[in-house]
Protein chains: 2
Amino acid sequence: MKNLYAIILAGGAGTRLWPISRQLAPKQLSQITGDLTLLQDTVRRLKSSVPCDRILFVTSDNFIFEIKQQISDLVGENEADKCTYAAEKTGRNTAPAILAGALWVLSRDPEGLAIAAPSDHLILDVDTFSEAIDSSIEVANKEYLVTYGIKPARPDTGYGYIKAGKGIDGAFMVESFEEKPTLERARTLFDDGNYYWNSGIFFFSARTMVKEARKYLPDMMASLEKLDLENFSNIDEVYSEIEPVSIDYGVMERTDRAAVVPATMGWSDVGSWDSIYDLGEKDSSGNVTRGNIISIDTSDCLLIGSTRVTAVSGLKDVIVVDTEDALLVCGRGESQNVKKIVDILRDEGRGEFINHTTVKKPWGSFTVLAEGSNHKVKSIVVNPGEKLSLQLHHHRSEHWVVVKGLAKVTRGEETYLLESNESTFIPLATKHRIENPGDSLLEIIEVWYGDNLSEDDIERFDDIYGRIDNK
Amino acid sequence: MKNLYAIILAGGAGTRLWPISRQLAPKQLSQITGDLTLLQDTVRRLKSSVPCDRILFVTSDNFIFEIKQQISDLVGENEADKCTYAAEKTGRNTAPAILAGALWVLSRDPEGLAIAAPSDHLILDVDTFSEAIDSSIEVANKEYLVTYGIKPARPDTGYGYIKAGKGIDGAFMVESFEEKPTLERARTLFDDGNYYWNSGIFFFSARTMVKEARKYLPDMMASLEKLDLENFSNIDEVYSEIEPVSIDYGVMERTDRAAVVPATMGWSDVGSWDSIYDLGEKDSSGNVTRGNIISIDTSDCLLIGSTRVTAVSGLKDVIVVDTEDALLVCGRGESQNVKKIVDILRDEGRGEFINHTTVKKPWGSFTVLAEGSNHKVKSIVVNPGEKLSLQLHHHRSEHWVVVKGLAKVTRGEETYLLESNESTFIPLATKHRIENPGDSLLEIIEVWYGDNLSEDDIERFDDIYGRIDNK
């Protein structure tokens with residue numbers, strides 16, 4: 001289908017899967033269930049029907065480099081470059097994101113159809129997902145806005161519900177939407193049989209969506225019409241005029257064109273460690289295990305290890321999730337408390353919910369190896385052909401030792417190459433830059449020394465990633 | 001009492017408290033229950049009755065520097081230097097250690113009395129312990145070898161038992177010893193009322209112990225008589241002639257001079273994480289907590305954190321023990337499985353049961369911060385006045401950055417000072433040495449680069465700690 005587009009929502013910053021998901025390393029960018037990140041899995045799922053030049057990512061500018069890197073890793077750099085990326089500084093919920101996407105589709109194809117999907121959900125049964133899309137085309141072409149409904153597996157209070165009404169071409173008119181219910185109400189909905197979980201995945205013709213949105217969100221649409229739909233360069237300016245609204249509240253619950261297509265496709269919003277246990281492949285003891293685990297007399301556990309060895313013994317129904325700087329051990333059925341833990345970390349002014357010890361950057365990544373009162377030790381990995389900004393620091397000097405690859409170093413007015421096992425020193429307040437001119441990874445061990453070891457002590461003069469004002 | 005001596009057995013290398021205790025960082029040298037290590041706590045307990053110049057430590061030469069450091073930290077360097085230290089390469093069980101100690105006491109005081117005690121036990125009620133010692137003096141002076149018996153709290157299969165017979169001066173003759181019993185037998189012994197747990201703590205006059213040992217272990221005593229009792233310089237030579245035997249089997253079970261003094265002193269051999277939970281101070285939820293822990297809806301757990309944040313939620317009866325490179329999560333009542341875990345690590349050729357990421361050295365310590373295929377990053381902390389050996393490496397060069405204090409560096413024929421924020425490079429196969437000439441800690445970040453990153457790639461030319469042949 002030549003007129004099928006995808007709008008992938010990738011701006012979320014949830015921490016319900018802490019300690020693996022963090023504010024600046026959210027769920028969609030994490031390998032939660034396998035070798036692919038949830039974002040990569042979302043793209044892989046769509047790839048057969050939607051090529052990259054018909055995919056739009058709407059995301060936070062905090063994540064944009066990492067998203068491009070992950071898509072490159074999945075489909076190659078050439079293909080990744082064909083995608084369109086809309087990166088905003090401040091999210092405005094799903095309505096502006098999906099409607100910006102609808103306008104983008106419309107600008108490319110007046111007959112365009114679009115799937116709008118979160119990037120942090122899991123769909124195990126991809127064939128059924130594809131069939132559900134196929135079976136929605138006719139309904140969408142009849143000017144319905146389709147939402148996919150998941151047959152409830154239990155009276156869950158964590159999802160919104162959709163009541164199916166009159167049948168139309170393999171779908172149903174939406175009779176009503178319900179917000180997350182109480183347990184009592186959830187039981188009623190579950191028993192009723194006509195209610196579905198709201199998956200948050202939509203399918204529509206761009207024209208119909210734009211038309212309906214103009215009725216119900218005219219101010220927002222007036223703003224969004226000003227968007228540069230080529231590369232969304234003015235998205236922050238446009239977004240600044242817009243109030244945050246969800247597409248459900250803003251359009252779907254108001255329009256009389258809402259339809260629901262039931263789909264049993266192994267869907268999960270992967271909202272908790274409990275759901276990841278439920279989704280995971282169990283071994284003969286009922287354990288779901290990943291990473292560096294030694295397990296004795298243990299059953300029905302979710303065990304996610306890190307580089308450190310994790311040994312468990314005599315456990316049942318326990319969740320263990322280990323990362324370099326934070327460990328979660330939690331009873332199964334209790335993983336909703338992760339939110340409380342993150343709140344405690346935030347209240348205590350601790351950083352373990354913001355980032356991992358390894359932080360992704362447009363040029364590669366760095367890992368904090370050690371921190372003292374006046375020094376910090378980092379490993380810096382620079383991808384082939386990439387370069388850090390030309391920068392200086394007012395409060396620290398830096399010692400660099402190259403341990404892998406080749407570095408091109410700018411220091412003051414000099415430029416020189418450093419091979420592995422060579423080192424250099426960057427004095428305080430001296431402009432400097434690291435570049436990887438080679439075709440393999442460059443790794444540098446960096447020792448900072450100074451009276452202020454904040455990542456914010458950086459003045460940038462030139463940056464190939466446009467980060468002159470920000471990081 | 002001027003004639004009271006202590007023989008402290010500190011050579012054990014148990015791993016039942018893995019991951020905190022390791023082969024080269026054993027239980028007695030670890031902070032298991034509080035701010036003091038078990039060794040320090042053992043010395044503190046004796047200090048009021050036994051001054052340092054009447055204390056002998058019998059230990060492995062692997063631990064000797066760390067033991068001296070810990071005693072220094074507890075009582076000051078001057079006092080620590082008054083202790084006597086017998087350091088052997090290969091332990092021979094408790095009989096040679098205690099009998100060497102008895103000979104040492106006898107050489108100093110023909111009327112000497114001695115407490116012989118393991119350094120890895122816990123005694124919560126120190127007053128009762130002191131009273132038990134006091135009440136044993138008369139019995140010991142009547143040529144009895146006293147062992148302290150603990151009133152059994154349960155039919156435990158993990159201890160040896162002592163049957164008390166005829167009463168003598170507030171003590172009892174020992175009627176018999178029993179090895180660790182079956183559960184059925186343990187129940188019988190528990191119900192009997194005349195049986196005590198064998199604490200492994202002894203009290204005797206040195207003369208009586210030597211006299212009895214000459215009867216039952218004449219060959220061993222003949223060898224031990226050759227010991228240099230001033231500083232045990234020839235202990236390895238003497239030990240090489242000796243078969244390993246326990247004092248229980250070698251003397252106590254054979255002599256007719258064995259007596260038992262019952263003592264209810266909050267004793268534990270701290271043999272498992274379960275016992276540490278039992279001993280620990282519980283909070284209102286029944287948790288025993290130490291370190292960096294966030295706990296929600298959790299009860300009756302032992303939670304020992306590390307530098308990393310450990311968050312627990314919805315747990316009951318779980319043991320969590322975290323360290324830099326290894327994590328244990330285990331059901332309460334299951335901690336005997338730690339032994340199996342250590343066996344698995346050993347079988348898999350992994351190092352996590354041998355040492356911690358921070359390794360104690362005579363001159364201070366080092367911590368491995370990162371390891372790659374051809375590089376390793378370490379933090380080196382050198383205590384004031386100490387110096388590493390004069391050494392070279394055949395397979396690696398080293399980059400050093402001083403981040404704290406002042407370093408005196410020897411490199412080839414040169415000697416120079418490095419201040420904080422200065423660096424130097426040690427090429428392959430170049431003799432070098434680090435010394436801390438200052439009166440505060442020296443910290444160096446060291447980056448190794450080479451094709452063999454083993455700690456064994458070291459050739460030593462001079463060492464103030466006598467480590468020319470070994471590490």
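Chain letters run A, B, ... following the sequence lines, proteins first, then strands; residues in each count from 1. Atoms considered below: every heavy atom in the structure, side chains included; atoms not considered: hydrogens, waters and symmetry mates. Note that the structure is predicted; figures quoted are calculated from it, not measured.
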For residues [X] and [Y], report the shortest heavy-atom separation together with the two atoms involved.
X: V403(B); Y: Y449(A); answer: O-CE1, 3.4 Å
X: D322(A); Y: R308(B); answer: OD1-CD, 3.9 Å
X: V309(B); Y: E352(A); answer: CG1-CG, 3.8 Å

- Query: What parts of residues 365-373 of chain A touch chain B if we use heavy atoms and a cut-off under 4.5 Å?
  - Reply: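 Under the 4.5 Å heavy-atom cut-off, L369(A), A370(A) qualify.
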Region of [X] that comes under 4.5 Å of a non-hydrogen atom in chain A:
X: T323(B); result: backbone
X: I341(B); result: both
X: D297(B); result: side chain
X: V320(B); result: side chain
X: N374(B); result: side chain
X: E324(B); result: backbone

- Query: If we only count heavy atoms from C-beta on, is the I344(A) to I296(B) side-chain gap below 4.5 Å?
  - Reply: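 A side-chain contact exists here, since the closest heavy-atom pair is under 4.5 Å.
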- V318(A) and L315(B), any side-chain heavy atoms less than 4.5 Å apart: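 Answer yes - side chains close enough.
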- Message: So which residue, S423(A), P19(A), A311(A), ends up with the most heavy-atom pairs under 4.5 Å with chain B?
- Response: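 Most heavy-atom pairs under 4.5 Å with chain B: A311(A).
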- Query: For the candidates S306(A), S313(A), G314(A), which exhibits the highest count of non-hydrogen atom pairs separated by less than 4.5 Å from chain B?
  - Reply: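 So the answer, after comparing S306(A), S313(A), G314(A), is S313(A).
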- Under 4.5 Å from any heavy atom of chain B - which part of D317(A):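 No part of it gets close to chain B.
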- Item | Which residues share a salt bridge (charged side-chain N to carboxylate O under 4.0 Å, His left out) with E414(A), sequence neighbours left out |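 Only R411(A) meet the salt bridge (charged side-chain N to carboxylate O under 4.0 Å, His left out) criterion with E414(A).
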